[in-house]
Amino acid sequence: MRPTTAWERAERVQVTGGMPTLDFGTRLPYDAYVRTDVLHDLQRPLSDDPGEMSFLMVTQVMELYFKLITFELRNAQERLRNDDVWGALAPLRRTALHLEALNGSWRGLRWMTPGDFNRFRDQLGEASGLQSAMYRQVEFTLGLKNPALLRPFKRQTALHRDLARAYEMPSIWDDVIAVLARRGHDIPREVLGRDVAAEYEPHPAVERAWVEAYRDEGPDNHLRFLGEALTELAEQFGDWRYQHVAAVRRSMGAKPGSGGSNGLAWLERSMARVVFPELWSARTHM
């Protein structure tokens, strides 16, 4: 593909009278850019049930959104590490919008009853959404880290390496807390790098930092804007987890999960791990 300038596009409109180009010597530029041939070759159901196509394609769309969300979060992390709080707001706001679109994907599966799912579920074998490496990238980047979740990927060397790197790297919440420390808030060093487990207790120093950050409602207080961007992101991620639970409850009830978990109960327990915990607990003291 050859880039075109605004001047070239305007000149083409004058030459063609505004009619679109309909003849191309080789491949259509749109297909070349989007790689539609690759995308549309990825849907290969394992059964003859027409509902499986919906399940498969919606799942693939979700995987693409996981990748996009991870990309945006890492962009925001890079800016936060450079102390560019204002610059981090745009990728964080985009992430919240991507999560909103991701959450809308669940509506494409609301038709699925237990009977609908059972018609092709056996074909999936032990395949489970809990095995999504890209979703684990999202969780690790947000700060939801559990070393046990690396084990399913130990035989896939490249995936395991990438996930292990994401696990060891600071989460975006670590980077946010580091920004608070650099902006003069009294944050103990041991606070950084803590995994957000179910038994996680919010740290009073981080809570106090957010209370102080929100006290200034002026237009130049970028920390408050950062807090609100993170709040929207966390709410959308929480909606994703809730809708996942609702979809499982609707399509299979409390049956064991195909990946070996106890399905619904496992997902419900995972929701106890709150993203950006002090950002929420600090609100009690504001």
Side-chain angles (χ1 to χ4, degrees), residues 61-105 132-146 149 162-185 187 189 191-196 200 202-203 205-207 209-210 212-214 216 218-241 273-283:
V61 168
M62 289 181 177
E63 280 289 325
L64 290 174
Y65 269 117
F66 296 155
K67 182 176 182 178
L68 179 57
I69 289 163
T70 303
F71 172 84
E72 297 282 23
L73 288 173
R74 288 176 179 164
N75 186 345
Q77 283 186 281
E78 182 179 351
R79 293 173 183 272
L80 289 171
R81 289 169 188 172
N82 290 325
D83 214 32
D84 181 11
V85 174
W86 182 258
L89 297 180
L92 289 174
R93 288 168 176 158
R94 288 197 299 266
T95 303
L97 291 173
H98 300 329
L99 280 163
E100 184 178 350
L102 170 65
N103 293 340
S105 300
S132 168
M134 193 55 68
Y135 179 70
R136 294 301 167 212
Q137 289 274 3
V138 172
E139 284 197 326
F140 291 172
T141 307
L142 289 172
L144 301 176
K145 297 182 179 182
N146 181 344
L149 296 177
D162 291 345
L163 276 176
R165 186 183 299 120
Y167 182 87
E168 295 297 333
M169 286 175 57
S171 70
I172 192 166
W173 189 233
D174 294 326
D175 291 320
V176 167
I177 294 174
V179 167
L180 292 173
R182 291 196 299 271
R183 295 294 177 95
H185 296 281
I187 306 291
R189 290 181 61 86
V191 173
L192 296 176
R194 293 190 304 162
D195 295 347
V196 181
Y200 183 97
H203 198 284
V206 181
E207 289 180 334
W210 280 115
E212 294 169 10
Y214 268 76
D216 178 5
D220 297 325
N221 181 9
H222 295 172
L223 287 180
R224 182 170 60 85
F225 297 151
L226 175 62
E228 286 302 281
L230 292 168
T231 299
E232 177 64 20
L233 191 162
E235 285 185 343
Q236 293 292 343
F237 183 71
D239 285 349
W240 152 261
R241 297 162 90 187
R273 304 172 70 202
V274 180
V275 177
F276 314 148
E278 288 91 353
L279 190 58
W280 300 103
S281 59
R283 282 164 156 74

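The model shown is predicted, which means the values in this text are computed figures rather than measured ones.
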Once you round to the nearest 0.5 Å, how far does [atom1] of [X] lie from [atom2] of [Y]?
X: Leu180; Y: Asp175; atom1: CG; atom2: CG; result: 11.0 Å
X: Leu163; Y: Arg136; atom1: CG; atom2: CZ; result: 9.0 Å
X: Met62; Y: Asn103; atom1: CE; atom2: CG; result: 8.5 Å
X: Glu228; Y: Leu230; atom1: CD; atom2: CG; result: 9.5 Å
X: Leu73; Y: Leu80; atom1: CG; atom2: CG; result: 10.5 Å
X: Phe140; Y: Thr70; atom1: CZ; atom2: OG1; result: 11.0 Å

Which atom pair, heavy atoms only, marks the closest approach of [X] to [Y]?
X: Glu168; Y: Lys145; value: C-NZ, 4.4 Å
X: Ala229; Y: Leu89; value: CB-CD2, 4.2 Å
X: Glu207; Y: Ser281; value: OE2-OG, 2.7 Å
X: Trp210; Y: Val176; value: CZ2-CG1, 3.6 Å
X: Ile172; Y: Leu142; value: CG2-CA, 4.2 Å
X: Asp216; Y: Arg224; value: O-NE, 3.2 Å

- Task: Answer yes or no: does atom CZ of Phe225 have more than 12 heavy-atom neighbours from other residues, nucleotides or ligands under 6.0 Å?
- Result: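 It does: Phe225 CZ has more than 12 such atoms within range.
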
I want to check something: taking the side chain as every heavy atom from C-beta on, are [X] and [Y] in contact at a cut-off of under 4.5 Å?
X: Trp280; Y: Thr231; answer: yes
X: Thr95; Y: Glu232; answer: no
X: Arg74; Y: Thr141; answer: yes
X: Val275; Y: Arg241; answer: yes

- Looking at Arg79 and Glu72, does any basic side-chain N land under 4.0 Å from a carboxylate oxygen?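 A salt bridge is absent here (no side-chain N lies under 4.0 Å from a carboxylate O).
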
- Message: Please determine whether a side-chain nitrogen of the Lys or Arg among Glu78 and Arg81 lies less than 4.0 Å from a carboxylate oxygen of the Asp or Glu.
- Response: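 Here Glu78 does not pair with Arg81 in a salt bridge, since their nearest N and O are not under 4.0 Å apart.
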
Is it true that a side-chain atom of [X] and a backbone atom of [Y] form a donor plus acceptor pair closer than 3.5 Å?
X: Asn221; Y: Tyr214; value: no
X: Asn75; Y: Phe71; value: no
X: Asp239; Y: Gln236; value: no

- Starting from the C-alpha separation in whole Å, work towards a yes-or-no answer on side-chain contact (heavy atoms from CB on, under 4.5 Å) for His203 and Glu278. CA-CA 7 Å; His203 198 284; Glu278 288 91 353; 3.8 Å; yes

- Among Glu63, Glu139, Gln137, which one satisfies side chain to side chain donor-acceptor pair (under 3.5 Å) with Ser132?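 Exactly one pass, corresponding to Glu63.
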
- Would you call the rings of Trp240 and Phe66 parallel, tilted or perpendicular if under 30° counts as parallel and over 60° as perpendicular?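 Because their plane-to-plane angle is over 60°, the rings of Trp240 and Phe66 count as perpendicular.
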
- Message: Please evaluate residues Val138 and Phe237 with respect to the criterion side-chain contact (heavy atoms from CB on, under 4.5 Å), reporting the C-alpha separation (whole Å), side-chain torsions for both, the decisive distance (0.1 Å), and the verdict.
- Response: CA-CA 10 Å; Val138 172; Phe237 183 71; 4.1 Å; yes

- Taking it one step at a time, do Leu92 and Leu226 satisfy side-chain contact (heavy atoms from CB on, under 4.5 Å)? CA-CA 9 Å; Leu92 289 174; Leu226 175 62; 3.5 Å; yes

- Item | Stepwise side-chain contact (heavy atoms from CB on, under 4.5 Å) test for Trp173 and Leu279 | CA-CA 10 Å; Trp173 189 233; Leu279 190 58; 3.9 Å; yes

- Item | Option among Val85, Asp84, Ile187 that satisfies the side chain to side chain contact (heavy atoms under 4.5 Å, CB included) test with Val179 |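 It is Val85; the other options fail the test.
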
